[in-house]
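One-based numbering, in listed order, for ligands and for the atoms of each.
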Amino acid sequence: MAERRQPLISGNWKMHHDHFEALRTVQKLSYNLADHDYAKVAVSVHPPFTDLRTVQTAMESDRMKFALGAQHCHWEEKGAFTGEVSPVFLAKLNLAYVICGHSERRELFGETDDDVNRKVKAILKHGMTPIMCCGETDAEREAGEAQSKVEGQIRAGLAGITAEQAAGLVVAYEPIWAIGTGKTATPEDAQEMCAVVRRVVAEVHGADAAAGVRVQYGGSVKPGNAADLMSQADIDGALVGGASLDADDFAQIVVASV
Ligand code: 13P
């Protein structure tokens, strides 16, 4: 049997925690996690842009072992794009991961599959790992379109990258109806959809890419449901929103995922 992919538990703070709150949260998280936790699970935190430098400085000086990531970036390196952040700036902060194509960016800010694909390529070009999100709405699930929606997002988002790049990617399957609602996909449903993600990666980029890509589940992951979700064969971690704001809850999710 292939060696298990190391799970990645990521905390997406969305538009929560100013830089003072961010500092307190990562200090507490670092205190809550022990070296042996990191041996089996990779952990990343994704604060708002204004917190990144503060958190990065604290992580370096206190040798915190989780990785730092962003929630979003532009695909261009520089230019007249008021309010946007360049992947070059994020790479300078030694960020490991950048989330792209989150459903909130797609639904609220009009990001298209093509935009997401440009971001995936830009993030890879600058030596960081994309966490590319996909997922269906409630109406799409009811209409039996969940798999085709996710399949289309994966094919478009991962177009034009190499098989080797695809093998190193993280894809987060986040059903929109489960985000921030307290409703979680059952472990079986989450597994089924994460297997769809892996199948599509295999079809586009081959078996090695499919074996390497890490597929996270996201949508109301909590300390109480993390272990069941993480025990599924095709679920390699979690993208956690609300529960990642609290360092105790987030640490419990990490420990439950080991
Ligand atoms: P919740 O964990 O708050 O449902 O958020 C999930 C999410 O969108 C993480 O990116």
Going by heavy-atom distance to atom 1 (P) of ligand 1, choose the closest among Gly11, Ala238, Gly218, Ser220.
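Minimum heavy-atom distance to atom 1 (P) of ligand 1 goes to Ser220.
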Option set His102, Glu104, Lys222, criterion heavy-atom distance to atom 8 (O) of ligand 1, minimum
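It is His102 that holds the nearest heavy atom.
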Suppose I only count heavy atoms of [X] and a 4.0 Å limit; which atoms of ligand 1 are within that range?
X	answer
Gly242	1 (P), 2 (O), 3 (O)
Asn12	9 (C), 10 (O)
Gly180	1 (P), 3 (O), 4 (O)
Glu174	6 (C), 7 (C), 8 (O), 9 (C), 10 (O)

Between CE of Met193 and CZ of Arg199, what distance do you get to the nearest 0.5 Å?
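Reported to 0.5 Å precision, the distance equals 9.5 Å.
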To the closest 0.5 Å, what do you measure between CD1 (Ile235) and OH (Tyr217)?
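Rounded to the nearest 0.5 Å, the CD1-OH separation comes out at 8.5 Å.
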To which protein heavy atom is atom 5 (O) of ligand 1 closest, and what is the distance rounded to 0.1 Å?
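Result: Lys14 NZ, 3.2 Å.
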For atom 2 (O) of ligand 1, what's the nearest protein heavy atom and its distance?
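I find the closest protein heavy atom is Gly241 N, 2.9 Å.
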Ignoring hydrogens and geometry beyond distance, is a side-chain donor-acceptor pair present between Gln56 and Arg53 at under 3.5 Å?
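Checked: Gln56/Arg53 side chains pair up, N/O donor to acceptor below 3.5 Å.
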So that I can tick it off, tell me whether Asp138 and Arg141 are bridged by a salt bridge, with the cut-off set at under 4.0 angstrom between side-chain N and carboxylate O.
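Salt bridge between Arg141 and Asp138, a charged N being under 4.0 Å from a carboxylate O: no.
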How far apart are the C-alpha atoms of Ser103 and Glu174, what are their side-chain angles, what is the distance that settles it, and do they pass the side-chain hydrogen bond (donor to acceptor under 3.5 Å, both in side chains) test?
CA-CA 8 Å; Ser103 60; Glu174 299 205 301; 5.1 Å; no
Taking non-hydrogen atoms only, is Ala178 closer than 4.0 angstrom to ligand 1 via side chain, backbone, both or neither?
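Near ligand 1, Ala178 shows its backbone, while the atoms from C-beta on stay back.
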Using a 4.5 Å cut-off on heavy atoms from C-beta on, say whether the side chain of Asn32 contacts that of Phe250.
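Heavy-atom side-chain distance check fails, nothing below 4.5 Å.
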Can you tell which of His102, Arg105, Arg118 makes a side chain to side chain donor-acceptor pair (under 3.5 Å) with Glu111?
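It is Arg105; the other options fail the test.
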Is the closest N or O pair between Leu239 and ligand 1 shorter than 3.5 Å?
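Between Leu239 and ligand 1, no N or O pair is found under 3.5 Å apart.
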